[in-house]
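Everything below concerns the one structure shown next.
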Amino acid sequence: MGIRIQEAAKRLAEGDLVAFPTETVYGLGADAENPSAVAKIYQAKGRPQNHPVIVHLAPNADLSYWVSEVPVEAKKLIEHFWPGPLTLILPRATHIPDAVSGGQSSVGVRCPSHPVAQALLTAFSALKPNGQGGVAAPSANKFGQVSPTSASHVVSEFPAEIQAGVLSVLEGDDSDIGIESTIVDLSRLKEGIGAVLLRPGHITRAQLAEVLGYEPASPDKAAPRVSGSLKAHYAPRTPLQMVREEECKQLVSHIPVGEKWVLMAFKEIVSQVTSQVSTVEAGTLEIYAVSSDPVAYAREIYGLLRRLDEQGYQRICVQALPQDANWEALNDRLQRAAAAFV
Ligand code: TXA
Ligand code: MG
């Protein structure tokens, strides 16, 4: 099932889909300049047509081929954070197909740091007459579901497409960061609107502020659409709920008789959580200890949600995260996951 770089690049050039590893999550890639290839992404994901996709570029790509302007803010951020988990939304060059930008006048661009992603992007670019190849890729999951952080997640998400030969999977290690890139909108600078943080990620608001010289704003109503910003997103199939620390300790007494729930609790409180009372009075609670370091938590979260999803729990409870700036991205993802069930 797994294929090699050259073969993967060739399939992209032929208009087929290739899933590939990045440092954030696995992407579901297609030739960004081939609208019918991009249409296959939307079809496989079940994603609405007006949601734009990120164009992934090789480290030596000519950015001015893809965007109509590279403002000084973009240059600074690129210098600090590329290649890496940062997507920039910039005014798009006129030849970029509507299909990529969901009809908007901007385009999202990102240069991943993952060596397999870079090798694929470089090999694909070499197949283009002008040497410029961009791979449009959303996370390789069905719309609204948890993003994949391993090749096996992708395989389990798209069995039909792989079977039909429309999708090949370029395998790599598990994604090191584990949550999607930070997205910064720089497409409205001309309107006097500075950098906007559309999606928090591994690169934090504070790190962006340090490079920009000011803190990026949060999105207003006119900000470009980000499908991950829909209230309910990133959700497992099992209902997920956030639980405050003090409620975790006696959570078991709220579980209906006959039900089995799981609680993801920080290591520090695990010994204080009651996991069983009389089975006549309540159901049972299994406890899963999670890291209190946000980087380690992010690396593990999506894979863990997928595993818990397969274990037949009636509910996944997640101990509420610190309201600390370093936890902004994880609060964002888990609150959206929980919102799918209210
Ligand atoms: O880490 C990541 O960003 C991963 C890997 C594969 O690179 N990709 C990813 O793609 O998370 P996706 O499609 O699942 O999320 C990208 C988000 C979407 O919510 C999309 O709406 C937004 O980026 N986006 C892409 N282009 C945009 C544009 N021109 N304007 C506004 N939002 C855009
Ligand atoms: Mg996604």
Side-chain angles (χ1 to χ4, degrees), residues 19-29 41-42 44-45 47-48 51-57 77 81-89 100 102 106-114 116-117 135-151 153-154 157 172-185 196-205 207-208 216 218-219 223-236 240 294-306 321 326-340:
F20 61 99
T22 87
E23 68 279 20
T24 57
V25 299
Y26 273 67
L28 182 65
I41 297 179
Y42 287 85
K45 276 190 71 108
R47 184 189 224 194
H51 286 183
V53 282
I54 297 169
V55 178
H56 296 71
L57 301 174
L77 292 173
F81 299 116
W82 276 15
L86 176 69
T87 298
L88 297 176
I89 310 296
V100 165
S106 60
V107 61
V109 284
R110 165 162 123 78
C111 175
S113 63
H114 195 291
V116 174
V135 174
S139 51
N141 52 278
K142 299 277 184 187
F143 183 65
Q145 302 289 320
V146 175
S147 295
T149 52
S150 77
H153 295 162
V154 180
E157 198 90 5
D173 295 343
D174 291 0
S175 297
D176 191 44
I177 291 176
I179 54 168
E180 307 80 358
S181 62
T182 302
I183 305 183
V184 176
D185 178 28
V196 177
L197 179 58
L198 291 184
R199 182 173 71 184
H202 179 79
I203 295 173
T204 63
R205 197 185 282 271
Q207 286 176 291
L208 296 168
S218 295
R225 285 184 301 273
V226 179
S227 57
S229 72
L230 294 176
K231 194 164 165 251
H233 213 76
Y234 309 112
L240 180 146
V295 172
Y297 195 112
R299 187 177 296 135
E300 182 182 35
I301 182 68
Y302 286 152
L304 177 58
L305 288 178
R306 279 176 188 265
L321 307 178
N326 291 326
W327 290 85
E328 184 178 4
L330 285 160
N331 268 305
D332 170 76
R333 305 302 192 280
L334 285 171
Q335 276 157 15
R336 291 184 205 287

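One is the number of the first residue; the rest follow in order along the sequence.
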Just do the ring-ring contact (aromatic ring centres under 6.0 Å, His included) check on Phe20 and His56 with the steps written out, would you? CA-CA 11 Å; Phe20 61 99; His56 296 71; 5.7 Å; yes
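- In this structure, a donor-acceptor pair under 3.5 Å is present between the side chains of Ser181 and Thr87.
- Residues passing the side chain to side chain donor-acceptor pair (under 3.5 Å) test with Arg306, sequence neighbours excluded: Glu157.
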Worked check of side-chain contact (heavy atoms from CB on, under 4.5 Å) between Asn141 and Lys45: CA-CA 6 Å; Asn141 52 278; Lys45 276 190 71 108; 3.7 Å; yes
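- Checked against a 6.0 Å centroid threshold, the rings of His51 and Phe143 count as neighbours.
- Evaluation of the ring-ring contact (aromatic ring centres under 6.0 Å, His included) rule for Trp327 yields Phe266, Tyr297 as partners, not counting sequence neighbours.
- Residues that satisfy the ring-ring contact (aromatic ring centres under 6.0 Å, His included) test with Tyr26, not counting sequence neighbours, are absent from this structure.
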Residue pair Tyr302, Thr149: steps toward the side-chain contact (heavy atoms from CB on, under 4.5 Å) verdict: CA-CA 7 Å; Tyr302 286 152; Thr149 52; 4.1 Å; yes
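- In terms of the side-chain contact (heavy atoms from CB on, under 4.5 Å) criterion, Asp173 has no residue partners (sequence neighbours excluded).
- To the nearest 0.5 angstrom, Leu57 atom CG is 6.0 Å from Trp82 atom CH2.
- Partners of Thr182 by side-chain contact (heavy atoms from CB on, under 4.5 Å), not counting sequence neighbours, listed by chain and number: Leu86, Val184, Leu197, Ile203, Leu208.
- Partners of Glu23 by side chain to side chain donor-acceptor pair (under 3.5 Å), not counting sequence neighbours, listed by chain and number: Arg110, Ser113.
- Annotation: side chain to side chain donor-acceptor pair (under 3.5 Å) contacts of Gln145 (sequence neighbours excluded): none.
- Residues meeting the side-chain contact (heavy atoms from CB on, under 4.5 Å) test with His202, sequence neighbours left out: Pro85, Ile177, Val295.
- Remark: Asp174 pairs with Ser150 by the side-chain contact (heavy atoms from CB on, under 4.5 Å) rule, at least two apart or across chains.
- Every salt bridge (Lys or Arg N to Asp or Glu O under 4.0 Å) that Asp176 has, sequence neighbours left out, goes to Arg299.
- Checked by atom type and distance alone, the side chain of Ser175 never pairs as donor or acceptor with a backbone atom of Gly178 at under 3.5 Å.
- Comment: Glu328 engages Arg205 in a salt bridge, judged by a side-chain N to carboxylate O separation of less than 4.0 angstrom.
- We find the CG-CZ distance between Leu28 and Arg47 to be 9.5 Å, quoted to the nearest 0.5 Å.
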